[in-house]
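Down below is the structure, laid out as structure tokens.
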Amino acid sequence: MKPADKIKELVNKSDVQTKTEIDKRILADALEHLEKLKQQKSSQAQLNMWRTIMRSRITKLAAAAVITITVLVGVNYFIDSIGVATPAFADIVRPFLSAHTATFKTTMKVEGAPTQILEGMFMEPVHMRQTSTEGVTVISDLQQGKIVTLVPAQKQAVVIEMQNIPEDKDQSQFNFFHEVRKRILKAQETEDESVEFLGEQEINGVLAVGYRIRKYGENMTIWANKEMKMPIRLEISNGPVTNIMSNIVFDVELDKSLFDLKVPEGYTVRTMQIDASEPKEKDLLETFRIWAEYMDGNLPSVLDMNASMEFTKYQQRKMMEEGQELSEQEMMEKMLGIQQTIIKISRGGMFVQQLPPDSDWNYTGGGVKLGQASKAIFWYRPQGSENYRVIYGNLSVEEVLPEDLPK
Amino acid sequence: MVDKLLVLRCKLGSKDALGHIYEKYKKDLFVLAVTLLNETSAAEDVVHDVFLSFVRTIEKFQLTGSLKGYLLTCVANRVRNVNKAKNQQSIEAAPEELVRSGLNEPLRSIICNEQLQQLRSTMAQLPYDQREVIMLHYQAQMTFKTIAKLLGISVNTAKSRYRYGLDKLRLILNDEVKK
């Protein structure tokens, strides 16, 4: 046998056996370093992941989905009850109520993700247009019950059609500006102590006066030019999400074509339907079921805006990992699927948030797996009822007396 | 594709992914390290250092070729650094001493099968430069151009080392047959 062949044969047949302690010794420092890296850089890693997502051609659409979701879902956690107005408060919010059009910048800050900036436009009655720095545009018209997302870089469009819209049901949660307007009106209607005067502060060289409306963990702060009594900054925070409206200009001349819901030629259009009917208990049950299906059998840790972000981040992370093996077409399909799922899940959140304060709702499903029949995960008192509805880990529902509620 | 995913998961801090990479390529890395060094405990240190270094640079690491090729290159580089540190004393010692030292290693080290024992004892009789080129060519399946680039030598020098190494191996193997 030639020496080259002999060496080749020996190389091919060479093998080693390592004892467990040797494997551990070799890997120990590397694993320890990896853990340190994970801990020290977790925030940075999240930022990098988001940046990767934003840069990636394939997953740019996923970012578009997040923008749409934030526009759609992000604002619907605002609780309806807002407190009181003072004369000065009424003065500074008046432009929000009387304007026919407005332009503004929305800065969306989400913990663990880079800040997103959207340029917004509003036109009465309920037209809205928001464009991200990435060029993704979301146009909505609540009268038509339609939201169009345009991704010019990929010539892709997602059309969302709201179905089952109740005639008497306000859909303002789908329009940031309109939602703000509605909340100001409510603040002026009722009188309690939930509006707090924040005093004066200089904002971008302008002396401003501020008011905070606080209720149920929500914060809405409005700052206005003291002399002109014109709003210059509005901030709404809820858990990990903060939306800041700035550069506000009222009654600007805007071309109606800016709010045209017709998708430009050459775009690939995907259409999705969302249920806009009043959310019911069954929607909450469906939220739990879907959540567990997509989150390894677990139920949400909490039932608020943090839950929505937890789900979105987890799915984005999975998408990014799986994206290594998926084609662009498959990625697009997956993104749309996740988008639709998030919309479905949001209905459970809407149901909870629409419960009146005296419903005494409670969620204890954090750490519970779907199917745990003995674990009560959610209970509330329906309006006008003495008894409570209790949902268990297997999604069965029972009506129980107040004294029989889980301790 | 699978390796890219493993690297990505490592970047995200997955210990499982790092363990998976180790299990997948440890045999190749040990065979190269043991053959180049003819010393299992030193080979352990080299593989240890390669993995530690891999994690330290994981954030900026971009997998462009094969992960196996990358890790084997790291092993070869690390072995050369070890040799420099040792002033090549053990590598250039008398072949008989090397063979003996390899056989008398402490029990804690890795266990080499018969073929690997034969490979290391045979290759230990070559000058390190020739052994390195032959192993990178056969075990890491590198072209002479790649080896030349890695070692900072010309392609002709890489080929010469390979040829001289094979000539010497022919003599060694013939001697073994005669014995």
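In what follows, chains are A, B, ... by sequence order, proteins preceding strands, each numbered from 1.
Closest heavy-atom contact between Gln115(B) and Leu10(A): O-CD2, 3.8 Å. Here the shortest heavy-atom pairing between His33(A) and Val55(B) reads CD2-CG1, 3.7 Å.
Interface residue Lys13(A): backbone and side-chain heavy atoms are both found under 4.5 Å from chain B. For a residue to count as touching a neighbouring chain, one of its non-hydrogen atoms must lie under 4.5 Å from one of that chain's; by this rule Tyr22(B) touches chain A with the side chain only.
A distance of 14.0 Å separates NZ in Lys8(A) from CD in Gln139(B), rounded to the nearest 0.5 Å. Here Arg120(B) contributes atom CZ and Ser14(A) contributes atom OG; the two are 10.5 Å apart, rounded to the nearest 0.5 Å.
For Arg170(B), the salt bridge (charged side-chain N to carboxylate O under 4.0 Å, His left out) test picks out Asp167(B), with sequence neighbours left out. Qualifying salt bridge (charged side-chain N to carboxylate O under 4.0 Å, His left out) partners for Glu114(B), counting only residues two or more places apart in sequence or in other chains: none.
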- Give the C-alpha distance, both sets of side-chain angles, the deciding distance and a yes or no for side-chain contact (heavy atoms from CB on, under 4.5 Å) between Leu18(B) and Leu27(A). CA-CA 8 Å; Leu18(B) 185 67; Leu27(A) 275 175; 4.2 Å; yes
- Item | Working for side-chain contact (heavy atoms from CB on, under 4.5 Å), residues Asn113(B) and Gln17(A) | CA-CA 8 Å; Asn113(B) 72 350; Gln17(A) 280 188 333; over 6 Å; no
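Remark: Lys375(A) NZ is loosely packed, at most 12 non-hydrogen atoms of other residues, nucleotides or ligands lying under 6.0 Å away. When the shell of 6.0 Å around OH of Tyr267(A) is examined, it contains more than 12 heavy atoms from other residues, nucleotides or ligands.
Counting heavy atoms from C-beta outward, Leu116(B) and Asp15(A) have side chains that stay 4.5 Å or more apart. Looking at heavy atoms from C-beta onward, Arg25(A) lies in side-chain contact with Asp45(B) at the 4.5 angstrom threshold. At least one side-chain heavy atom of Leu119(B) sits less than 4.5 Å from a side-chain heavy atom of Ile7(A).
The residue among Asn12(A), Ile26(A), Leu31(A), Val11(A) with the most heavy atom pairs within less than 4.5 Å of chain B is Ile26(A).
The stretch residues 151-161 of chain B places none of its residues near chain A, where near means some heavy atom under 4.5 Å from a heavy atom of that chain.
A salt bridge does not link Arg56(B) to Asp29(A): none of the charged side-chain nitrogens sits closer than 4.0 Å to a carboxylate oxygen.
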Under 3.5 Å, which donor-acceptor pairs link side chains of residues 25-32 of chain B to any protein atom two or more places apart or in another chain?
| unit_1 | atom_1 | unit_2 | atom_2 | d |
| --- | --- | --- | --- | --- |
| Tyr25(B) | OH | Asp3(B) | OD1 | 3.4 |
| Tyr25(B) | OH | Asp3(B) | OD2 | 2.5 |
| Lys26(B) | NZ | Thr18(A) | OG1 | 2.8 |
| Lys26(B) | NZ | Asp23(A) | OD2 | 3.2 |
| Lys26(B) | NZ | Glu23(B) | OE1 | 3.4 |

